Each structure stands twice: as structure tokens, then as C-alpha cells.
Amino acid sequence: TSISMGTVHDTNCSHPSCWWGEYVAGLKLISCNSIHFLCLPPSEVDSQQNMSPEHSSINIILFGALAKDYSESVSQGDMLLVTGFSVGNSPTAQKDKLHACNLQLAGNDAWMYVSTCLGRGSYAVKVVKYTYVPLSDLKPGVVVNVYAVVTFFKQPFRTKGTDYCSTLKITDQSNKKVGCTIFCDKLEEHPKIFKMGDIIRLHRVKTQLFNGAISLLTSHGFSVVTFDGMVGSPVIPRTSSESFKFGEEDCQVVEALRTWAANQSLVPAQPCVPLSAVQPTTYFDLTCQLLAKAPVDSSCTLLKVWDGSKCPHPLLDVFVEPNTLEGSPTLSKDMANLTANVLVYDNHVEVARQFKPGSYLRIYNLHAVPGASRLPSNDSVQSDQTGHLGFHLHGGTSYGRGLRVLPEDSPDILDLKKILETFSESDINDSSMFEVWSTPPESFGIPLQSASYSDTCCMCIGVERTCDHTVEQVSLAEVKSRSPPQVFHVQVQLKSYQPQRLYQSLKLFCHKCKTIRDVPDDVTVGGLFSEAQKDVGPCNNGYWTLVLPLPREPPSESPSRTLTLLMSRATLEETCRIASAYSNIVPVTSPQGTMTPLDLSAPFLFRGTKRYYGCKQCSQLKVGESLGEGVDVWDEKSVAEALGVQLLQYGLLMKLELQDGTGFLEALLWRDAESFFHVSAEDAAADQEAQDRVQETMDRLCPPGSSTAERPWMDLCLSAYTVEENGQRRACYQICHTGTRVGSLHTP
DNA sequence: GCTTAGGCTTCG
């Protein structure tokens with residue numbers, strides 16, 4: 001795998017195995033194209049004009065999605081940049097007298113940029129142009145691309161064949177309503193539709209006459225992207241595809257469809273109803289958080305959910321054996337009439353089985369049923385629940401009946417989270433560190449993984465002090481009675497910890513202004529990228545531009561000497577792809593024709609899978625100045641310095657509630673968190689293995705579902721200090737000089 | 001091997 005650049009010489013395909021529809025090594029070879037290209041950096045093309053192609057040309061062969069997407073878009077004279085290829089023997093070398101090897105681009109790692117030269121060192125990347133047909137213009141028997149508004153949908157359901165099926169009804173400005181059937185064996189490749197009014201882009205769908213009307217059906221190479229339909233919300237494509245194309249034109253089409261749809265009455269009366277507005281016997285859509293679930297029998301699963309609103313009708317309680325229950329419903333929420341019991345039947349059981357407690361769900365066409373549940377276990381319970389509201393998701397898919405997980409950053413869920421947070425049952429302190437504390441309230445206290453206690457209890461963990469001072473061990477009661485500053489040694493158990501969603505413990509810290517901020521999620525960063533796309537000046541002809549320093553050495557040879565400024569026509573996803581090929585990627589924008597990094601809420605530097613952030617308060621961007629004179633090696637520090645960015649450092653912040661029989665104490669894990677877990681926070685931000693290590697440590701200290709008596713004892717070194725807030729002084733505690741060690745068990 | 005479904009309330 002390497003990086004090559006060159007100019008397209010010929011686009012005739014001479015590959016012997018080039019047949020439409022052929023399967024090659026598990027990849028569906030939809031088309032295949034070989035491109036002879038000059039194996040020279042573009043700066044040398046002019047001086048090498050008279051070089052014979054036999055000595056300078058090589059075949060590139062594209063497979064699968066790349067072939068599909070790029071074969072039509074490449075033309076003679078185009079500039080190419082190719083990464084992630086493998087080098088093979090060219091079977092046509094004898095015949096075409098070209099290079100004995102060829103470059104083969106296949107799979108997810110292969111990437112190709114097609115460019116037309118704009119001037120030395122800067123290229124506009126040409127992408128495939130799709131044309132979209134208005135729904136009223138569809139003729140039977142052709143493959144087309146369409147953009148439309150979803151007016152009806154069913155979540156994917158199993159067919160009698162090999163695939164899942166999504167059934168949709170769509171419409172566009174032509175006012176034509178068209179049915180659409182999507183067959184696909186992979187659930188994740190089905191359109192991600194959350195509600196009516198969502199926007200959908202379909203590529204390569206086949207028109208078909210059915211019952212005298214045109215309908216759309218998936219065809220070879222089908223792909224789909226969806227968008228939120230709300231006017232003014234960011235245009236963020238929802239797809240699992242890694243190679244989809246999305247540009248400024250797409251934004252405009254989406255926005256036009258949104259505006260048009262807003263003035264139509266396409267969507268029936270709001271099907272989304274909170275529990276507080278549910279009428280008995282009606283069908284409605286519910287957006288909620290899953291608290292717990294339990295299998296009832298082979299055709300029925302119980303979901304305990306809430307949406308933070310209080311139902312005016314008493315809610316039915318459904319009793320299940322505690323050992324069959326996954327997740328932690330709380331009695332207090334039951335008592336407050338906040339927990340809704342949803343019985344999910346038949347085809348939906350398979351879907352519900354994938355859900356994890358804590359996730360956010362939307363349940364479509366839920367039936368509010370008054371009257372006691374007929375579950376056998378309820379008969380033994382004396383409480384009279386006549387007239388209490390239970391909820392049934394009946395079998396079948398009529399009226400779009402179904403359910404799905406919603407991403408946590410979707411707008412509806414952000415609203416829901418705000419509501420749920422007002423139900424905080426734990427009092428969260430507000431010292432300076434807790435200002436950034438995004439830990440959800442007790443109600444979110446649900447483990448990410450549902451490992452049972454029996455899975456984890458056999459693995460023992462030791463927690464040891466690494467400090468060299470000899471301080472006598474004291475009780476927590478003693479600790480609280482003494483005034484800081486002071487250092488203590490304690491032997492304690494973990495009662496609880498926050499955040500339970502461990503990725504929320506990742507923070508960014510500024511050494512200069514001492515502030516801590518959260519690491520933004522991909523949707524936030526992706527939004528900043530699409531914002532920046534709007535700012536790119538008129539010098540760009542509607543595409544994004546790769547600006548390379550045109551190093552004397554090719555980028556592949558000494559990656560640490562290369563800094564790439566990436567003009568943000570690129571999406572976050574594309575930037576990540578490029579970052580995996582180049583060593584340092586700085587996304588830039590040019591609002592007034594001057595290149596400048598994006599808003600510092602976004603990473604200013606991408607390298608491999610790592611992202612680096614700058615402090616918004618302390619950075620003083622050097623705009624328009626020449627970059628990196630005298631810099632030999634580009635690392636995050638030198639890049640930050642060259643850009644005038646105050647580099648933020650990754651850290652882990654957790655709050656541990658400790659107990660030892662004499663009392664409880666809340667202590668922060670911050671300064672020495674990395675040595676506590678034996679991971680670097682920077683790794684934890686980018687590396688699953690490091691994240692797993694933190695999760696495992698917490699699972700061992702506090703096994704899910706365990707009683708406190710079952711948890712290991714820890715020897716901790718505690719540092720007590722004073723925090724001043726609102727003129728009041730308060731003692732705070734931090735765990736320091738302490739590390740975990742797997743494999744030994746401490747007993748009190 | 002190239003279909004499957006083709007919206008339109010379960011009945012627990």
C-alpha cells in the first residue's frame with residue numbers, strides 16, 4: 001500500500017476478467033476499468049513529455065465500488081492520486097508492453113482522487129455527476145437516481161426470500177407519489193428513515209410498472225442516503241456506506257425539498273406522542289429511552305421505557321423474574337408513573353433482541369391498551385391493575401409498525417435527553433470540575449455492556465498505591481473529619497461511578513487557561529465540516545481541493561515531513577479517509593479567500609485515527625502566514641505552533657463513590673487517571689483496545705449487577721484539597737498515585 | 001439462486 005500520482009493516458013479496459021456482473025474474490029465486480037497512467041509526480045510531467053509510454057505507464061485496475069463510482073468519471077488527461085492499492089503482476093504486460101506490474105484497487109482501503117489540474121500543486125477533485133429524475137418523469141424499465149421526501153415507510157422486515165425489505169412511499173416537487181421497495185440482505189444498507197418527512201436520495205433504482213403505476217425497486221449497485229427533513233437543520237447524510245458522494249449540489253437539493261415539503265401537508269397529523277398525551281386505545285409513535293428488557297416467551301419481549309413525561313393514566317406494571325431482566329429499571333420511576341411497559345410481539349422480537357438498555361428508541365404504531373396484562377406472572381400478584389395502560393407492539397408491519405434505535409445525536413433525542421436530565425435523582429456537585437461534567441443522572445446508570453456478574457466475578461483485580469510516602473491508613477469517616485490539604489491512605493470499595501458511558505470520561509484540557517471541555521462527537525464535528533463547506537470561496541468550482549505541498553519526496557516516503565492542508569469541500573468522513581493515508585491533515589477553509597483552520601471546536605489536525613484539538617480561548621491563529629519554515633518534523637506540537645493553536649491535552653475524568661463501612665466519599669479520578677488505568681487518554685480517544693481496558697477495569701471494580709459486598713477492596717491514595725465556589729470553601733478529593741493490577745484479590 | 005413485496009392495524 002502506498003500513494004502514487006500520475007496522469008491518465010488511456011481509459012480502455014484490457015483486463016481479461018472484465019465482465020459485467022462477475023464475482024471476483026467475494027467482491028461483486030460490477031465494472032472494471034484499466035487506466036494507463038504516467039508514473040510521475042505532476043510537477044515533472046512537462047519535462048518528461050517525450051518519454052515513451054512503454055517505460056512510464058502502468059495499468060490500474062479498479063474493482064467493486066471504486067470501479068462502479070469512478071469508471072465513468074475518469075478521462076484522458078485527468079490527474080490521479082491513488083492510495084491503498086496492491087501491486088500485482090500485469091497479465092497484459094506482454095501484449096501492451098506496459099509496466100510488468102499493475103496497481104489493483106479493491107476493498108475499503110483503496111481510494112482514488114480524480115483531478116483536473118488547476119495550477120501547480122492544487123487540484124479540483126472530480127466526482128461522478130449524478131442526474132436525478134423528477135418522479136413524474138419516470139418511465140418503466142429504466143435505472144434512475146431520485147431525490148424525494150418520504151411520506152410513508154416501514155422499517156426493514158424479513159421477507160420469505162433472502163433479504164430484508166423496506167417499503168416506502170415517496171414524493172417530490174412534481175407532486176407524484178411513488179411506491180418504493182428496497183430489498184437488501186444487510187440491515188445497515190437499508191435507508192435510515194426515522195420519521196415521515198425525512199429526505200431520501202436513491203441511486204440506481206429500477207422503475208417498474210405495477211398495478212398501472214410506476215414503482216421503484218432496488219437494482220445492481222443500489223445505494224441510499226437519507227437526511228433529516230426539518231428546514232434549517234444541518235444537512236448530515238445518514239448512511240453506512242463509506243464511499244458515498246456528497247457535495248454542495250446535494251445540500252441544495254435537500255434544502256429545496258425541505259422547503260417545498262414544509263409548505264405541503266405530506267405528513268399526517270403528528271404520530272409522535274409523549275406518554276403524557278397518550279389516549280387509551282390509540283396507536284401512536286413513541287420516542288423513549290430503554291431502561292430494561294426481558295424476554296417473555298419466544299414471540300414476546302418486554303421493554304421497560306420512559307420518555308420523562310408523566311402519563312395521566314396509571315401505567316401498567318408487568319412483573320418479570322428479576323434474573324431475566326436486563327438493565328436496571330428503578331422503583332422510584334415506577335412509583336412516579338414514569339415507566340411504560342411495552343410488549344413487543346412476533347417479528348419485532350428479533351429486532352428488540354439487539355437493543356441495549358440505555359439506548360434511545362422510536363417505536364412506531366404502538367398500541368395503548370387499557371386493562372391488566374394477561375401475563376401469567378401477573379396473576380400471582382394481588383395488586384389490581386384494571387384500567388392501567390399497557391403498550392403493545394403487535395406483530396406485522398401494517399401502518400409502519402416496527403421499532404428502531406435512534407442515534408443519540410439525532411435532534412429528537414437531544415430534546416429527550418434534556419427532559420430526562422431534569423429528572424436527576426442524584427445531586428451533582430458543581431465544583432469547577434463538575435462544570436464540564438456531562439454525566440447523566442442516575443437514570444442513565446446503565447452499563448454499556450450487559451455482562452452478567454458471573455462473567456466478571458472470576459477475574460480479580462488489585463488496586464495498589466504507587467506512592468512512596470508512608471501515611472497511615474484511615475477510615476472514610478476519619479478522612480471527612482479532617483480539613484484539607486492532606487493526603488490519606490484508605491481501603492475502600494467502589495459504590496458507584498460516573499460517567500457510566502465511559503466515552504464521556506474523555507476530556508480535553510488546556511494547560512494555559514486550565515479549562516476542561518468535552519470531546520465533541522462525530523455529528524458535531526461533521527456539522528462543523530459542512531458549515532465550513534459553505535464558506536469556501538468562489539475560487540473553488542464547486543468541488544473540494546487537495547492542496548499538497550508538493551514535497552520533493554513523495555508523501556509515502558517520509559510521512560512525518562508532510563503536512564497537508566485540506567480545503568474543506570471534504571466531509572469529515574473523507575478527511576478521516578485521507579488522514580489514514582497522509583501523516584498530517586489540517587482541514588482548512590477560506591471564508592475571505594484566506595486559508596484558515598476550521599472553527600476550533602473541530603480538530604485542527606488529523607493523523608491516522610488520532611485527532612488533535614486546540615483551545616478556543618488561548619489560540620491565536622496565524623492566518624495567511626507561511627507555514628512551518630524551518631520545521632523538520634510535523635507532530636501535533638509543531639503543527640499547533642505553526643498554526644498558532646494552543647494544543648489541548650486529552651484526559652480522563654471520572655467520579656468514584658467510595659465506601660468502607662464508616663461512610664461514603666466522592667473522589668475524582670483525573671490527574672492520575674492514566675496511570676490508574678494504565679492507558680493514555682490520547683489512545684483511549686482513538687483506540688478501541690484502550691477503551692476496552694478502561695471498561696474492563698471498571699467492570700471488575702464494579703461488576704454489573706453485583707452487590708457492594710461482592711466488589712473488590714482497593715488500596716487508594718487520596719489527596720484532599722479545597723475548592724472555592726460562590727464564596728464557599730469545600731473539600732474535594734482526588735485519587736492519586738494508584739494503579740490497578742489484574743490477577744490478585746484484596747480482602748479486607 | 002436472482003426471489004422477496006407490492007403500506008392500510010392485533011386480537012397477545
Side-chain angles (χ1 to χ4, degrees), chain A residues 20-23 28 30 138 140 143 148 150-171 177-187 189-191 193 195-196 200 204-222 266-269 271 273 279-286 294-303 316 318 320 341-349 352 363-379 385 388-403:
Chain A
W20 190 268
E22 193 79 352
Y23 288 85
K28 188 178 270 185
I30 290 180
L138 295 176
V143 173
V150 177
T151 58
F152 173 82
F153 66 100
K154 286 182 177 186
Q155 294 302 332
F157 56 93
R158 245 190 221 292
T159 63
K160 289 176 189 144
T162 56
D163 294 342
Y164 288 91
C165 175
S166 293
T167 302
L168 319 176
K169 192 73 152 258
I170 59 175
T171 189
K177 287 197 167 58
V178 174
C180 182
T181 306
I182 289 160
F183 291 115
C184 191
D185 60 347
K186 294 187 185 71
L187 275 174
E189 286 171 19
H190 278 258
I193 303 169
K195 60 159 83 158
M196 295 181 205
I200 190 166
R204 301 176 199 89
V205 281
K206 198 164 52 190
T207 53
Q208 200 187 46
L209 212 49
F210 176 74
N211 282 347
I214 288 281
S215 62
L216 291 168
L217 200 65
T218 41
S219 81
H220 270 300
F222 157 81
L266 300 173
V267 176
V273 171
Q279 293 300 316
T281 75
T282 57
Y283 291 87
F284 67 106
D285 293 354
L286 178 67
V296 174
D297 57 46
S298 62
S299 68
C300 181
T301 290
L302 169 69
L303 303 179
L316 180 77
V318 179
V320 290
N341 284 275
V342 176
L343 291 162
V344 161
Y345 291 100
D346 304 338
N347 51 317
H348 310 300
V349 168
I363 309 178
Y364 303 91
N365 197 239
L366 189 57
H367 193 187
V369 183
S373 159
R374 280 170 217 163
L375 289 175
S377 49
N378 275 28
D379 298 342
Q385 294 201 63
H388 287 212
L389 265 195
F391 300 92
H392 294 239
L393 186 69
H394 298 296
T397 61
S398 332
Y399 280 80
R401 185 178 301 140
L403 72 179

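Note that these values count all heavy atoms, side chains included, but never hydrogens, waters or copies made by symmetry. Here the structure is a predicted model, which is why all the values come from computation and not from measurement. Within every chain, numbering begins at 1; the chains are lettered A, B, ... in the order of the sequence lines, protein sequences first and strands thereafter.
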Engineer: Could you tell me how far apart A:Arg401 (CZ) and B:dC11 (P) are, to the nearest whole angstrom?
Structural biologist: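 The answer, rounded to whole Å, is 8 Å.
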Engineer: Counting any heavy atom closer than 4.0 Å, what does A:Thr159 reach on the DNA or RNA strands: base, sugar-phosphate only, or nothing?
Structural biologist: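 Counting heavy atoms under 4.0 Å across all strands, the contact made by A:Thr159 includes a base.
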Engineer: Take atom CG of A:Asn211 and atom P of B:dC8, then tell me their distance rounded to the nearest Å.
Structural biologist: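 It is 13 Å, rounded to the nearest whole Å.
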Engineer: Regarding A:Tyr164 and A:Arg158, is there a side-chain donor-to-acceptor distance under 3.5 Å anywhere?
Structural biologist: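 Distance-only check passes for A:Tyr164 and A:Arg158.
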Engineer: With a cut-off of less than 4.0 Å, is there a side-chain N or O of A:Lys154 near OP1 or OP2 of B:dG6?
Structural biologist: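 It does, given that an N or O in the side chain of A:Lys154 lies less than 4.0 Å from OP1 or OP2 of B:dG6.
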Engineer: Report yes if at least one side-chain N or O of A:Lys169 is closer than 4.0 Å to OP1 or OP2 of B:dC8; otherwise report no.
Structural biologist: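 Answer is no, no contact under 4.0 Å.
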Engineer: If you assign A:Ser299 and A:Tyr283 each to the DNA chain B nucleotide with the nearest heavy atom, which residue ends up on the more 5' nucleotide?
Structural biologist: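 Here A:Tyr283 is the residue nearer the 5' end.
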Engineer: If the P atom of B:dT10 is compared with that of B:dG6, how far apart are they to the nearest Å?
Structural biologist: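 Pairwise P distance, B:dT10 against B:dG6, rounds to 14 Å.
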Engineer: Expressed as a whole number of angstroms, how long is the span from A:Phe183:CZ to B:dA5:C1'?
Structural biologist: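 Going from A:Phe183 (CZ) to B:dA5 (C1'), I get 5 Å.
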Engineer: Pick base, sugar-phosphate or nothing for A:Asp346, based on heavy-atom distances below 4.0 Å to the nucleic acid.
Structural biologist: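 Base, at least one base atom sits under 4.0 Å.
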Engineer: With a 3.5 Å distance limit and no angle check, can you tell me whether A:His190 reaches the backbone of A:Gln155 through a side-chain donor-acceptor pair?
Structural biologist: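 No; judged by distance alone, with no hydrogens or angles, the pair does not exist.
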Engineer: Between atom NE2 in A:His394 and atom P in B:dC11, what is the gap in whole Å?
Structural biologist: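 For the pair A:His394 NE2 and B:dC11 P, the rounded distance is 7 Å.
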Engineer: According to the interplanar angle, ranging from 0 to 90°, do the rings of A:Phe153 and A:Tyr364 count as parallel (below 30°), tilted (30 to 60°) or perpendicular (above 60°)?
Structural biologist: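 Perpendicular.
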Engineer: Please identify each residue that fulfils ring pair (Phe, Tyr, Trp, His ring centres under 6.0 Å) with A:Tyr345, with sequence neighbours left out.
Structural biologist: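 Scan of A:Tyr345 (ring pair (Phe, Tyr, Trp, His ring centres under 6.0 Å), adjacent residues dropped) gives A:His392.
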Engineer: By the 4.0 Å heavy-atom rule, please label A:Gly179 as base, sugar-phosphate, or nothing.
Structural biologist: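 Counting heavy atoms under 4.0 Å across all strands, no contact is made by A:Gly179.
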Engineer: I want to verify a distance call: between B:dG7, B:dG6, B:dT10, whose nearest atom is closest to the A:Tyr399 side chain?
Structural biologist: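 Closest nucleotide among those given: B:dG7.
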Engineer: Separation of A:Gln155 atom CD from B:dG7 atom C1', in whole Å?
Structural biologist: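 Spelled out: CD on A:Gln155 to C1' on B:dG7 is 13 Å.
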Engineer: In this structure, how many angstroms lie between the C1' atom of B:dT9 and the CG atom of A:Asn347, rounded?
Structural biologist: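 Distance, rounded to whole Å: 13 Å.
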Engineer: List in chain and number order the residues that pass side chain to side chain contact (heavy atoms under 4.5 Å, CB included) with A:Ser215, two or more places apart in sequence or in another chain; answer none if no residue qualifies.
Structural biologist: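 Applying side chain to side chain contact (heavy atoms under 4.5 Å, CB included) to A:Ser215 gives A:Gln208, A:Phe210.
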Engineer: Whole angstroms only, please: what is the CG-P distance between A:Leu393 and B:dC11?
Structural biologist: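 From A:Leu393 CG to B:dC11 P: 12 Å.
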Engineer: Consider the side chain of A:His392, meaning its heavy atoms from C-beta on, and name the nucleotide among B:dT4, B:dG12, B:dG6 that approaches it most closely.
Structural biologist: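 Among B:dT4, B:dG12, B:dG6, the one nearest the side chain of A:His392 is B:dG12.
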Engineer: Select base, sugar-phosphate, or nothing to describe what A:Leu217 touches, counting heavy atoms under 4.0 Å on all strands.
Structural biologist: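 Contact class for A:Leu217: base.
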Engineer: From CD1 of A:Ile182 over to P of B:dG7, roughly how many Å is that when rounded to an integer?
Structural biologist: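 Distance, rounded to whole Å: 15 Å.
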